[in-house]
**Student:** 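A single structure is presented below for examination.
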Amino acid sequence: MKLGAPLVIVDPSGTSSECPQCNSMLEENGYRRLGYPQCNFEAYRDVVRKLNIWKRALKMLGIKAIPGGVLTISLPPK
């Protein structure tokens, strides 16, 4: 915890090569712009990297990101 917030260290390898929505592999769509044909998501490489790092950090904390911006907490079964 740092200042009351959890601190998570995420391995950034491969974060700009997969789609943050459907996990498919990238296709170059111009200079530093990536497209994903399976879900039609398109963004700059840096944005894709940030979204995937955020998604990995949430997963490490037990929070699942659902496309559309909804978050759910994954609790262990009782």
Side-chain angles (χ1 to χ4, degrees):
M1 291 279 235
K2 185 173 183 177
L3 299 175
L7 177 64
V8 179
I9 298 179
V10 177
D11 179 14
S13 61
T15 53
S16 64
S17 62
E18 84 177 29
C19 178
Q21 287 189 25
C22 70
N23 299 324
S24 66
M25 295 310 287
L26 69 90
E27 285 188 8
E28 293 288 336
N29 195 11
Y31 178 71
R32 299 191 56 78
R33 192 152 180 85
L34 307 174
Y36 302 91
Q38 288 184 335
C39 68
N40 294 322
F41 180 79
E42 189 174 311
Y44 287 103
R45 181 179 297 274
D46 296 333
V47 171
V48 170
R49 179 176 287 124
K50 288 176 186 177
L51 289 172
N52 281 327
I53 289 173
W54 177 75
K55 190 168 113 177
R56 287 183 187 181
L58 289 177
K59 184 177 180 180
M60 292 170 76
L61 293 171
I63 301 171
K64 183 178 179 185
I66 298 172
V70 180
L71 300 176
T72 60
I73 298 174
S74 303
L75 299 175
K78 290 185 178 183

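Given the structure is predicted, the values throughout are model-derived calculations rather than measurements.
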**Student:** Mind checking side-chain hydrogen bond (donor to acceptor under 3.5 Å, both in side chains) for Thr15 and listing every partner two or more places apart, or none if nothing turns up?
**Tutor:**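 Applying side-chain hydrogen bond (donor to acceptor under 3.5 Å, both in side chains) to Thr15 gives none.
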**Student:** One pair to check against side chain to side chain contact (heavy atoms under 4.5 Å, CB included): Ser24 and Glu18. What are the steps and the verdict?
**Tutor:** CA-CA 6 Å; Ser24 66; Glu18 84 177 29; over 6 Å; no
**Student:** Once rounded to the nearest 0.5 Å, what's the spacing between atom CD1 of Ile53 and atom OG of Ser16?
**Tutor:**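 Reported value, rounded in 0.5 Å steps: 9.0 Å.
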**Student:** Show me the donor-acceptor pairs within less than 3.5 Å that the side chains of residues 5-14 make with the rest of the protein, sequence neighbours left out.
**Tutor:**
from, atom 1, to, atom 2, distance (Å)
Asp11, OD1, Ser13, N, 3.2
Asp11, OD1, Ser13, OG, 3.3
Asp11, OD2, Ser13, OG, 3.0

**Student:** Look up atom CZ in Arg49 and atom CZ in Arg45, then write down how far apart they are to the nearest 0.5 Å.
**Tutor:**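 Arg49 CZ to Arg45 CZ: 6.5 Å, rounded to 0.5 Å.
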**Student:** Using 0.5 Å steps for rounding, measure from the NZ atom of Lys55 to the CD1 atom of Ile63.
**Tutor:**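 If I round to the nearest 0.5 Å, the distance is 14.5 Å.
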